[in-house]
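Data first, discussion second: the structure below is written as structure tokens.
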Amino acid sequence: MTAASLRVGVLAVQGDVREHRLALESLGATVVPVRRPAELHGIQGIVIPGGESTVIDKLLRAFDLFDPLRAALRRGLPAYGSCAGMILLADRIVDGTADQQTLGGIDITVRRNAFGRQVDSFEQDLAYAGWSAPVRAVFIRAPWVEQVGQQVEVLAEVAIGGVTHPVAVRQGALLATSFHPEVTGDHRVHRQFLDIVAERG
Ligand code: GLN
């Protein structure tokens with residue numbers, strides 16, 4: 001199956017929806033903005049963009065999308081979450097708001113706004129599993145991963161103060177990055193996601 005025949009959703013309730021749409025379309029996929037439960041039908045994968053995870057969580061519930069999307073993920077719908085999207089796909093959050101929920105699916109604990117106020121936005125070249133050229137990782141008030149379950153593959157890590165933290169992970173058909181590849185013009189993460197979607201048919 002080629003990317004051109006793939007139909008993927010981009011969750012379009014808040015955040016940098018447009019950038020993900022452009023990245024996916026540049027790879028030949030057909031993109032469906034998802035705001036209503038019915039729009040989940042017929043998509044083969046979904047991207048959950050960066051933005052503000054607390055707001056996306058509230059809007060998912062307000063739009064009656066939270067439960068259907070969670071059910072679709074549990075049934076195996078491939079998903080890629082960037083930044084706030086990584087938080088939404090994490091099973092556990094540190095420093096979430098009191099009522100914040102996640103869709104879950106990836107057996108990780110993420111720390112929200114992990115890099116702190118001093119360095120809340122920065123970029124760095126990082127090694128990425130299986131790639132010869134590094135990825136330019138743009139972090140914007142990003143989470144990092146504090147704990148990973150046995151099923152989780154760590155694809156990239158960042159070192160802060162001598163301690164490394166995973167910032168790209170995969171568990172089955174679920175992929176997540178703390179950083180924002182959609183703003184760099186390097187679409188290898190989106191291509192990897194479309195390869196996962198194609199594999200799952
Ligand atoms: N800090 C945001 C949150 O908690 C994530 C930031 C982003 O997606 N760029 O959701």
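If you read the sequence from its start, that first residue is 1, and numbering goes on from there. Indexing begins at 1, ligand by ligand and atom by atom, following the structure's order.
Salt-bridge formation is not detected for the pair Arg191/Asp195: no Lys NZ or Arg NE/NH1/NH2 atom is positioned less than 4.0 Å from an Asp or Glu carboxylate oxygen.
Each of the following atoms of ligand 1 lies closer than 4.0 Å to a heavy atom of Gly50: 8 (O). Atoms of ligand 1 found under 4.0 Å from any heavy atom of Arg112 (numbered from 1 in listed order, with element): 3 (C), 4 (O). Residue contact check: Ser53 has heavy atoms under 4.0 Å from atoms 3 (C), 4 (O), 10 (O) of ligand 1. Near Ile87, meaning under 4.0 Å from any of its heavy atoms, are these atoms of ligand 1: 3 (C), 4 (O), 10 (O).
Using bins of under 30°, 30° to 60° and over 60° for the plane-to-plane angle, the ring pair Phe115/Phe122 lands in the perpendicular bin.
In summary, the side chains of Gln147 and Arg92 do present a donor paired with an acceptor at a separation below 3.5 Å, with no hydrogens or angles considered. For Glu157 and Tyr128, the side-chain atoms include no donor-acceptor pair closer than 3.5 Å.
Heavy-atom proximity to atom 6 (C) of ligand 1, evaluated over Pro49, Ala84, Gly51, is greatest for Gly51.
Of the protein's non-hydrogen atoms, the one nearest atom 1 (N) of ligand 1 is Asn113 OD1, 2.6 Å. In this structure, the protein non-hydrogen atom closest to atom 7 (C) of ligand 1 is Cys83 SG, 2.8 Å.
No more than 12 heavy atoms of other residues, nucleotides or ligands lie within 6.0 Å of CZ in Arg36, so this atom counts as exposed by the packing criterion.
Just one residue in the list Asp125, Thr184, Asp186 forms a side-chain hydrogen bond (donor to acceptor under 3.5 Å, both in side chains) with Arg136, and that residue is Asp125.
Below 3.5 Å of separation, one finds no N or O of Ser82 facing any N or O of ligand 1.
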